[in-house]
Each structure stands twice: as structure tokens, then as C-alpha cells.
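No experiment lies behind these values; they were computed from the predicted model shown.
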Number of protein chains: 2
Amino acid sequence: MRYPKGQKAESREKLVRASASLAKQRGFGVSGVDALAETAGLTSGAFYRHFEGKDQLLAAIVETELETTRARFATIDPASREQLLIAIDAYLSLAHVRHPEAGCVLPTLASEVARAPDETKAVFERALRELTAVLGEKVGEPTLASALVSLSVGAVTIARALASDEARREVLGAARKSARALLATL
Amino acid sequence: MRYPKGQKAESREKLVRASASLAKQRGFGVSGVDALAETAGLTSGAFYRHFEGKDQLLAAIVETELETTRARFATIDPASREQLLIAIDAYLSLAHVRHPEAGCVLPTLASEVARAPDETKAVFERALRELTAVLGEKVGEPTLASALVSLSVGAVTIARALASDEARREVLGAARKSARALLATL
DNA sequence: GTCTATATTACGATAGAC
DNA sequence: GTCTATCGTAATATAGAC
């Protein structure tokens, strides 16, 4: 089992899910333990009965969130190019750009994982491998799946740093167009 | 002129250049003003004679750094596909992944600009437009240039969050392959 | 123009009551 | 298992000397 046995599992799960939203919105490193714990209705005192420190929470967030993203793509019918394009368009949408707290963890927290301890990166690597493996089944080619992830994560990351919706639409539209071009090369 | 007149310009420029390296390596939000100022041999007291607050420094870093990245691509001969590919391969290299402090500002700080004030995003947008305009001239198509930036930024961001060189090479290699495929569609 | 010193607030983490 | 209270440190920003 993934969580330690006992009744702690429920609180821990809520802590991970709720603090993930805050971390995706404001950033993990700049968010204090008090604020992170409060998202689950807890105090920092309780927090340290679930995690040895902040670093462990980031690893748990990354693992849970990447699993969620993977699940979102897992339902796609491998034979349906249309379903795949709908999922890609949703990822590369203004709605996703506008709501990081509800979106994929990659554009928001990947750059923080890059500065985290090796154990955190190991969790990230394992979870990303599973995500790209699932996407590879749907796309037909594993290498292309990886590139589509990079393209989409980069586009959303950049779009969020832009000031105008006009510029955001340009970046997202360009990414959607290139995603189609890449899928057409198969 | 871009900087206020007087002798302050020199110290300010050093402050921006030096603190950019620290911000790219450790993150901007989690770096204190003391540490940022110290990279230029200054104290926080002196810092506030150059900037009204941290936010202004991030805007200055983003502007200067994106200009540097743009300059790196500006020397490419538009007729030479080979020069373009060399530049893209350098961006999508393990060396770039391993040295964020000396690399492009986009994979490291774009997600922090996303949480910064609108004025910071406005500076980012203007500078990114200039960068993609230059790249558009070299590539031949502005839309494709934007997608190549997104693809490259995403790949480097993700590669840095991975634990093993093996996984990093996979992500970077997949991005290089797709960049070539996209350029071949022209 | 930069320093030292400091005001004030927030941080990560722990101790002990319930 | 969670709370309140707290320790020690570090954050942003300012004041005043030089």
C-alpha cells in the first residue's frame, strides 16, 4: 500500500490534495507550512505528524498530481485520433492557463522539483514515466508522446507569464497547430 | 535610455546580472533580498536605492535575460538551416539542463513571472515578442518559431526535474527529434 | 551610494497539553 | 491526532551614519 496503515491516511490524503491547489497557485517554496496545512483545516503542529518536512509534501503532491493527469489521458481510445486531439486542446486552452490551481502540476511545479532533493526528483521521474507510457499508447509512438508533453507544458508555462489574452492565444494556438503537425507525421 | 541617468547605472546593471544567476539556480521567490544583493557585493540597504522592491528586480532580470537569449539567436544566418539546428541542439543539451544559472531564463523563471504583478508580465510579454520575432526570421514562419520555443522550454524544464541522466536524455532527444520534424514540414 | 542596525513579520520545526 | 505556544532563524523593508 502507498500510505502507512491506520487512520492517518485520510487526513494525509486531504492534506496532499488541498495543499496541491495552493502550491500550484502561489508556488510551493514561497508557501509556508502554516498556509499549506490550513488548506486541509490543520495546523503546522499536525502537519509534522504526517510529514517529516516540507520536502516530503512536495514529493507526495507531485506523485498524486501526476497520477491524476495520467488518469485524465488513460480514458482515451487509442483508435480515436479525435479524442486525443480534444484532450490536447483542453490542455492547451485558455481555461487551463487561467486556473493553475485546478490544472496539471507540470507547468507550475516542475521547476520547483528541479531544485528539490534527489528523492523528490526520483518520485517525479517514476510518475512522469508512467504518464508518458500511457500517452505513448494513445499516440502510437513513445518518443512523440514525450515531445507532446514538453510542447504542451512549455506553452502553458509561457502563456501564464504573459500579460494579454491576445499573446496567450497566440502561444496556445501555435502549440495546438504544431501538435497536429507532429501527429500527422506518423 | 533604459536606465536612469547618473552613476547608479553601473551598480544596477551588476545587480541585475549577478542576481539573475542566483534566481535561475535557486528560484527568485525563495531567495532573500540580502542574498540577491550580495551576489553583486552589496547589502540590502543599497538594494533599495536601485529598486523599490523585489518585484522590480524580477522584471529587470526577465528583461535583461530575454534580451541575452534573443541576442544568442540573432546571429544565425536565416539561410542556414544547419546553424539553426545547432542552436536548438545547444538549447536542448544536457549541458544546458545541468547549468540553469548560466542558461535561458524561461525554464527557470517563467512560472514565477506567472505569479508576479501585471507590470512584470507586461515586461515579459514585450521581451518574449522580440525573441520570437527574431526566431521567426530565422525559422521562416512565426507560428512555428513560437512552438519551437514552447517545445524547448518544456523539455528543459521537465529534464531538470528528472533524477537520472538516462531519463533526461530521453526527454531532450525526443524534443530534438520533434523540432526537426516540425522544421521539415515547411 | 553604501553601510550597519533594526523594526516587524513570517518561516520551519518542536514541545507539551488534551 | 490535533491543538496552542514557542524557539530560533530569516524574511522585507526602513532609518540614520558616513
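- The separation between A:Leu22 atom CG and C:dC11 atom C1' is 15 Å, rounded to whole Å.
- Atom-to-atom, CG of B:Leu58 to P of D:dT12 comes out at 13 Å; the value is rounded to the nearest Å.
- As rounded to whole Å, 13 Å separates atom P of C:dC11 from atom CZ of A:Phe28.
- A:Phe51 has its CZ atom 14 Å from the P atom of D:dG1, to the nearest Å.
- The distance between atom CZ of B:Arg49 and atom C1' of C:dC3, rounded to the nearest whole Å, is 11 Å.
- In this structure, B:Leu57 atom CG and D:dT12 atom P are separated by 11 Å, rounded to whole Å.
- B:Glu125 and A:Ser164 form a side-chain donor-acceptor contact under 3.5 Å, judged by distance and modelled atom types alone.
- Among residues two or more places apart in sequence or in another chain, the side-chain hydrogen bond (donor to acceptor under 3.5 Å, both in side chains) test is passed with B:Ser111 by A:Ser111.
- Near DNA chain D, defined here as any heavy-atom distance below 4.0 Å, the residues from residues 29-47 of chain A are A:Gly41, A:Leu42, A:Thr43, A:Gly45, A:Ala46, listed numerically.
- As a whole-Å value, the separation of A:Glu13 CD from D:dG1 C1' is 17 Å.
- Residues satisfying the ring-ring contact (aromatic ring centres under 6.0 Å, His included) test with B:His50, not counting sequence neighbours, are none.
- Residues satisfying the salt bridge (Lys or Arg N to Asp or Glu O under 4.0 Å) test with B:Asp89, not counting sequence neighbours, are B:Arg180.
- Sorted by first and then second residue, the ring pair (Phe, Tyr, Trp, His ring centres under 6.0 Å) pairs with a member in residues 94-141 of chain A read A:Tyr91-A:His96; sequence neighbours excluded.
- Here the nucleotide nearest the side chain of A:Tyr48, chosen from C:dA13, D:dG16, C:dG16, is C:dA13.
- In this structure, the salt bridge (Lys or Arg N to Asp or Glu O under 4.0 Å) partners of B:Lys24, at least two apart in sequence or on a different chain, are B:Glu65.
- With rounding to whole Å, A:Arg26 atom CZ is found 16 Å from C:dC11 atom C1'.
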